[in-house]
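Accompanying notes for the structure given below.
Whatever order the structure lists them in is the order used to number ligands and atoms, beginning at 1.
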Amino acid sequence: AKGSGRGRYMAYEPHMDTRREEKNQLEADLKYAIENDEIKVVFQPVVNTLTRRITGVEALARWNRAGYGPISPDIFIPAAESSGLIDQLGLSVLRKACHEAAEWSAVKLAVNISPVQFRNPGFAAQVMSILAENDIPPSRVMLEMTEGYFIHHPERAGTAIEKLKQIGVSIALDDFGSGFASIGYLRRFGFNRMKIDKSLVVALDEGGRSLEMLTATVALARSLGIPVTAEGIETEDQAAILQLCGCDELQGYLFSRPVPAEEIAQLLDAQDAP
Ligand code: C2E
Ligand code: CA
Ligand code: CA
Ligand code: CA
């Protein structure tokens with residue numbers, strides 16, 4: 001900000017020290033939690049739009065911080081990214097998710113990947129060995145990434161995505177519509193699926209031209225042969241609209257919240273019961 005540059009006097013602000021200390025404490029606690037296996041994984045079902053059967057699950061990290069209670073991944077994932085802990089955290093989520101998914105024969109497994117992990121040159125090899133350890137065929141696995149890295153480092157991102165596709169996993173463009181990614185990205189980087197951000201679904205209730213935008217977006221993705229999942233579906237009205245738009249898969253509280261692995265097993269048993 002103006003006035004805070006080099007050589008300028010900066011007023012002493014005690015709250016800045018406090019904030020720094022809080023951040024350090026958060027990172028120290030997170031490091032401890034990762035090393036002591038306190039990061040858990042829950043799974044949210046993804047359903048086929050027409051049949052409403054579970055076709056896949058998305059793994060989501062959970063941290064119950066001692067003395068504080070649950071901390072949102074929107075807080076601890078960025079903290080892990082900025083403190084060098086994300087590689088370890090991300091691989092541990094992938095390992096746990098694969099370990100559970102090995103019990104659920106056919107369903108696909110989606111795992112979120114931070115751009116910080118993605119730019120590590122050894123990442124594809126690490127993914128491959130975790131899948132092999134758990135006997136998970138790569139064709140069952142989808143890695144979800146947001147657009148940031150693709151915008152800022154398109155060349156390197158292109159190379160990294162190629163490596164992953166070579167080992168046989170699919171790649172989804174996550175949070176579509178929440179940032180600057182355009183349909184062009186889907187084709188340029190060879191994404192296998194687009195996930196529509198929940199902000200676009202919520203916007204439907206506010207009217208405007210969001211229905212037209214959503215319809216056009218999904219139609220364009222589909223014309224490129226790229227299937228679309230809509231996230232954050234909370235009501236039957238939203239589900240009906242996204243079905244009309246042509247989304248083949250839906251995800252949201254309407255179908256299920258993210259739940260522990262045992263509950264996924266029960267949900268799958270229930271839908272296969274005669
Ligand atoms: P995301 O990948 O977009 O995941 C979807 C988020 O929407 C999840 O939040 C999920 O609980 C929430 N959600 C699902 N259905 C609904 C609904 O119907 N309504 C509403 N309001 N919310 C819904 P969560 O679990 O808090 O995760 C937040 C974000 O943190 C994720 O967004 C993802 O970007 C990140 N994240 C979570 N786990 C991991 C991880 O293991 N690795 C990385 N790199 N990021 C993760
Ligand atoms: Ca995701
Ligand atoms: Ca998302
Ligand atoms: Ca997100």
Side-chain angles (χ1 to χ4, degrees), residues 30 33-34 37-47 54 56-65 69-101 108-120 123 126-127 130 141-149 170-179 181 191-205 228-239 241-242 247 249-261 263-264:
L30 183 57
I34 294 168
D37 205 27
E38 289 176 5
I39 306 295
K40 304 293 176 214
V41 181
V42 291
F43 300 87
Q44 186 175 36
V46 177
V47 305
I54 300 170
V57 297
E58 177 177 1
L60 293 158
R62 290 291 178 267
W63 179 28
N64 195 3
R65 185 183 180 192
I71 307 284
S72 162
D74 287 323
I75 307 280
F76 72 79
I77 295 292
E81 287 172 337
S82 67
S83 60
L85 296 167
I86 192 67
D87 288 300
Q88 204 185 340
L89 171 57
L91 290 178
S92 132
V93 169
L94 180 65
R95 199 172 283 116
K96 285 180 185 177
C98 285
H99 181 77
E100 300 295 351
K108 292 177 289 172
L109 173 66
V111 179
N112 294 287
I113 299 301
S114 154
V116 179
Q117 291 177 271
F118 186 53
R119 71 183 181 216
N120 170 353
F123 180 63
Q126 289 168 330
V127 170
I130 290 175
V141 176
M142 183 167 78
L143 304 180
E144 302 190 356
M145 0 213 152
T146 49
E147 70 207 20
Y149 192 56
S170 26
I171 315 287
L173 180 54
D174 203 354
D175 295 355
F176 190 90
S178 70
F191 283 100
N192 305 100
R193 176 168 288 273
M194 170 165 105
K195 293 194 78 172
I196 300 259
D197 193 64
K198 54 179 175 277
S199 60
L200 293 192
V201 175
V202 169
L204 284 174
D205 297 336
V228 181
T229 304
E231 303 184 295
I233 306 293
E234 295 185 356
T235 68
E236 284 291 353
D237 284 352
Q238 291 168 340
I241 292 172
L242 285 141
C247 290
E249 290 183 346
L250 304 176
Q251 185 179 349
Y253 296 166
L254 175 63
F255 311 103
S256 171
R257 297 210 166 228
V259 295
E263 279 181 55
I264 294 291

Please confirm whether [X] comes within less than 3.5 Å of ligand 1 when only nitrogen or oxygen atoms on both sides are compared.
{"X": "E144", "value": "no"}
{"X": "D175", "value": "yes"}
{"X": "Q251", "value": "no"}
{"X": "I77", "value": "no"}
{"X": "Q117", "value": "no"}

Using side-chain heavy atoms (C-beta onward) and a distance below 4.5 Å, is [X] in contact with [Y]?
{"X": "V202", "Y": "E234", "result": "no"}
{"X": "F255", "Y": "V46", "result": "no"}
{"X": "V127", "Y": "Q117", "result": "no"}
{"X": "D174", "Y": "I113", "result": "no"}
{"X": "P115", "Y": "R119", "result": "no"}
{"X": "M145", "Y": "I171", "result": "yes"}
{"X": "I241", "Y": "V201", "result": "no"}

Below 4.0 Å from any atom of ligand 1, is there a heavy atom belonging to [X]?
{"X": "R62", "value": "yes"}
{"X": "G90", "value": "no"}
{"X": "R257", "value": "no"}

Exercise for review: Go through the side-chain N and O atoms of R193 and T229 and say whether any donor and acceptor fall under 3.5 Å apart.
Suggested key: yes

Check your understanding: Looking just at side-chain N and O atoms, do D237 and T235 make a donor-acceptor pair shorter than 3.5 Å?
Key -> no

Review point. Is it true that some N/O/S atom of D197, main chain or side chain, lies under 3.0 Å from the Ca ion (ligand 3)?
Key: no

Check your understanding: Do any of the N, O or S atoms of E144 sit under 3.0 Å from the Ca ion (ligand 3)?
Key -> no

Exercise for review: Restricting to N/O/S, name the atom of D175 that gets closest to the Ca ion (ligand 3).
Suggested key: OD1

Review point. Can you give the angle E58 OE2 - the Ca ion (ligand 2) - D174 OD2, rounded to 10°?
Key: 170°

Review point. Side chain or backbone of A61 under 4.0 Å from ligand 1, or both, or neither, by non-hydrogen atoms?
Key: both

Review point. Near the Ca ion (ligand 2), is there an N/O/S atom from E231 that is less than 3.0 Å away?
Key: no

